[in-house]
Amino acid sequence: MSESLGVAVIGAGMAGKAHAAAYRTASTLYRPTLPQIRLVSIGDVNPEFGQAAARRFGYERHDASWQAIAEADDIDVVSIVIANSLHREVVEGLLAAGKHVLCEKPLSDTLADARAMADAARSAEARGTLARIGFTFRRTPGIAAIRELIQNGTLGRPLHFSGRYWTDYGCSPQAPMSWRYKGAPGSGALADVGSHLAYVGEFLCGDIQAVSGGQLSTAITKRPLPLGAVMGHDHAAVSETFEPVENDDVASFSAEFAQCIGSLSVSRVAAGHANSLMFEVFCEKGAALFDQRRPSEIGLFLSEGSASENGYRQVILGPDHPYIAGGLAMDAPSVGFGQNDAFGYQARAFLEEVAGLPESESLPRCATFDEGVRNMEILDAVAASAQNNGKRVSL
């Protein structure tokens, strides 16, 4: 094992800051089995954002280009948290430089680029360099707990999945134009939050074998250009110049899983739902529900006893559930946590794999780039279905 690992994050926006904070806390989660983690650089082309993030999270410096990070001898591990269209160039450049890479989802903005990145990742891994994708919600204790209840037979075989991921960052017509509103059909809400919902569905119900009924809608067709730099979903001052929105505000589709069917709906114009990932999974022996707005609990229904006395019950998550035991500074029942904690579990898992810790003694591994391609194949199939009047598309 190396004596230390130097970390960098490329992208100082909303999700980039989550990665930066996660590496800062990763070594404090669970017992101290990692080498020293050095917080080296925040990379961002905007020096104001990059320098502010570096100061805030205790990184040594800000670098203005990914090339500087690729060339740096003091950096071993890099998270890539930038516009999807930029992923391929940066990933391939960093892997060629021998850096271990954790890339945000979706893997890219095109399936062809994603497949090329997966090829590069396999070649890099043969040389000992890892490339992984962040499927963060797999780390959410409530979602992982429901998966365990399915797999250990408590809930039994899934019969029906109903999921929605509704956000409202684009519900105002005055929300400024950004890269999120540019790209081919399916690169909008479907790629942004639908990618999460798709892998959560597969995490619980098995592989999606086909999709149908695909629908994509652009609810707000033009957006004003911002007057300055914009971070994440910020609603900054805008000009009177508008540009057309190229991709989807709303998307929905039906999925055929290995053993059941499901309906999935996503939106970035759902007023009142800032970040609402919600689902119910109905199984042979009961059902479970999850709502990201109440992350420290799940709903559980077991088909036991008299129907007149049965119903959903609230299960408060605690040390008996995935990721929690030994992972909180205050390791006690009912101590709250949220989505940011999942980034910490993700960073810890990636660092454990890079450090060479055995899988049997580590958190579940991060998803491979091949799994990232799989996720994009689902999104591509949904877009194809939508462009063909909801036609069934096999995977």
Side-chain angles (χ1 to χ4, degrees), residues 105-107 111 114-115 118 132-165 186 190-191 193-214 251-266 277-292 298-303 321-323 342 345-346 349 359 363-385 391-395:
K105 61 82 228 163
L107 204 52
L111 189 53
R115 287 171 173 159
R132 299 290 183 258
I133 187 170
F135 284 174
T136 316
F137 283 108
R138 285 186 180 181
R139 309 287 175 184
T140 300
I143 296 175
I146 292 172
R147 174 182 162 92
E148 283 192 355
L149 291 169
I150 292 171
Q151 293 196 329
N152 68 19
T154 301
L155 284 171
R157 178 172 66 91
L159 307 177
H160 173 207
F161 177 84
S162 176
R164 47 266 184 220
Y165 198 159
L190 181 64
V193 292
S195 53
H196 282 303
L197 190 59
Y199 73 67
V200 167
E202 289 199 314
F203 191 55
L204 300 173
C205 301
D207 288 350
I208 294 175
Q209 299 180 336
V211 302
S212 59
S252 63
F253 65 98
S254 296
E256 298 174 30
F257 295 95
Q259 303 182 80
C260 70
I261 64 170
S263 56
L264 295 85
S265 168
V266 299
L277 170 63
M278 305 171 283
F279 67 80
E280 290 186 73
V281 56
F282 306 96
C283 303
E284 290 177 307
K285 299 179 182 179
L289 61 85
F290 176 81
D291 186 337
Q292 178 61 27
I298 61 173
L300 180 63
F301 174 87
L302 296 176
S303 303
H321 296 101
Y323 293 99
Y345 304 141
Q346 175 178 279
E359 189 169 2
L363 296 180
R365 299 302 199 200
C366 290
T368 65
F369 273 25
D370 287 329
E371 291 175 275
V373 169
R374 163 75 185 179
N375 183 250
M376 285 200 61
E377 288 173 342
I378 295 169
L379 307 182
D380 190 67
V382 174
S385 174
K391 179 182 178 181
R392 182 179 183 272
V393 179
S394 297
L395 288 154

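From a predicted model like this one, the values you see are computed outputs, not experimental measurements.
In this view, Glu280 satisfies the salt bridge (Lys or Arg N to Asp or Glu O under 4.0 Å) rule with no residue, not counting sequence neighbours. Considering only residues two or more places apart in sequence or on other chains, Arg147 meets the salt bridge (Lys or Arg N to Asp or Glu O under 4.0 Å) condition with none of them. In this structure, the salt bridge (Lys or Arg N to Asp or Glu O under 4.0 Å) partners of Arg132, at least two apart in sequence or on a different chain, are Glu125, Glu353. With sequence neighbours excluded, the residues that form a side-chain hydrogen bond (donor to acceptor under 3.5 Å, both in side chains) with Arg115 are Glu377. Remark: Phe290 pairs with Phe279 by the ring pair (Phe, Tyr, Trp, His ring centres under 6.0 Å) rule, at least two apart or across chains. Every residue meeting the side-chain hydrogen bond (donor to acceptor under 3.5 Å, both in side chains) condition with Asp370, not counting sequence neighbours, appears here in chain and number order: Arg122. Scored by the salt bridge (Lys or Arg N to Asp or Glu O under 4.0 Å) test, Arg374 finds Glu202 as partners (sequence neighbours excluded). Residues that satisfy the side-chain contact (heavy atoms from CB on, under 4.5 Å) test with Ser303, not counting sequence neighbours, are Phe301. Remark: Phe203 pairs with no residue by the ring pair (Phe, Tyr, Trp, His ring centres under 6.0 Å) rule, at least two apart or across chains. A search for side-chain hydrogen bond (donor to acceptor under 3.5 Å, both in side chains) contacts involving Ser265 returns Trp166, not counting sequence neighbours.
Nearest heavy-atom pair across Leu107 and Gly372 is CD2-C, 4.2 Å. Shown here for Ala383 and Gly186, the closest heavy-atom pair between the two residues is CB-CA, 4.4 Å. When all heavy atoms of Ile378 and Ala198 are compared, the pair lying nearest together is CG2-CB, 4.2 Å. Closest approach of Gln292 and Thr140 over heavy atoms only: OE1-CG2, 4.3 Å. For the residue pair Phe282 and Ala287, the shortest heavy atom distance occurs at CD2-CB, 3.7 Å. The heavy-atom pair separating Tyr323 from Pro141 by the smallest distance is CB-CG, 4.3 Å.
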Apply side chain to side chain contact (heavy atoms under 4.5 Å, CB included) to Ser195 and Leu379, showing your working. CA-CA 7 Å; Ser195 53; Leu379 307 182; 4.0 Å; yes

In sequence, state the C-alpha distance, the side-chain angles, and the governing distance for Glu371 and Arg138, and then conclude on salt bridge (Lys or Arg N to Asp or Glu O under 4.0 Å). CA-CA 13 Å; Glu371 291 175 275; Arg138 285 186 180 181; 3.1 Å; yes

Would Ile146 and Leu300 count as a side chain to side chain contact (heavy atoms under 4.5 Å, CB included) here? Give the steps. CA-CA 9 Å; Ile146 292 172; Leu300 180 63; over 6 Å; no

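For the atom pair CD1 of Ile208 and CG of Leu395, the computed distance is 7.0 Å after rounding to the nearest 0.5 Å. To the nearest 0.5 Å, atom CD of residue Gln346 and atom CG of residue Leu363 are 11.0 Å apart. If you take CG on Leu264 and OG on Ser162, they are separated by 8.0 Å, rounding to the nearest 0.5 Å. Taking CG of Leu204 as the reference point, atom CD1 of Ile150 lies at 5.0 Å (rounded to 0.5 Å). In this structure, Ile143 CD1 and Glu148 CD are separated by 13.0 Å, a value rounded to the nearest 0.5 Å. Between atom SG of residue Cys283 and atom CZ of residue Phe161 there is a gap of 10.5 Å, rounded to the nearest 0.5 Å.
Pairs of residues two or more places apart, or lying in two chains, that qualify as ring pair (Phe, Tyr, Trp, His ring centres under 6.0 Å) and include a residue from residues 134-154 are Phe135-Tyr199, Phe137-Tyr165, Phe137-His196. Within the structure, salt bridge (charged side-chain N to carboxylate O under 4.0 Å, His left out) contacts touching residues 149-159 (residues at least two apart or in different chains) are Arg157-Glu284.
In this structure a side-chain-to-backbone donor-acceptor pair under 3.5 Å is missing from Lys105 to Ile133. No donor-acceptor pair closer than 3.5 Å links the side chain of Ser385 to the backbone N or O of Arg392.
By the 6.0 Å contact criterion, CG on Leu302 is enclosed, its count of non-hydrogen atoms from other residues, nucleotides or ligands being greater than 12.
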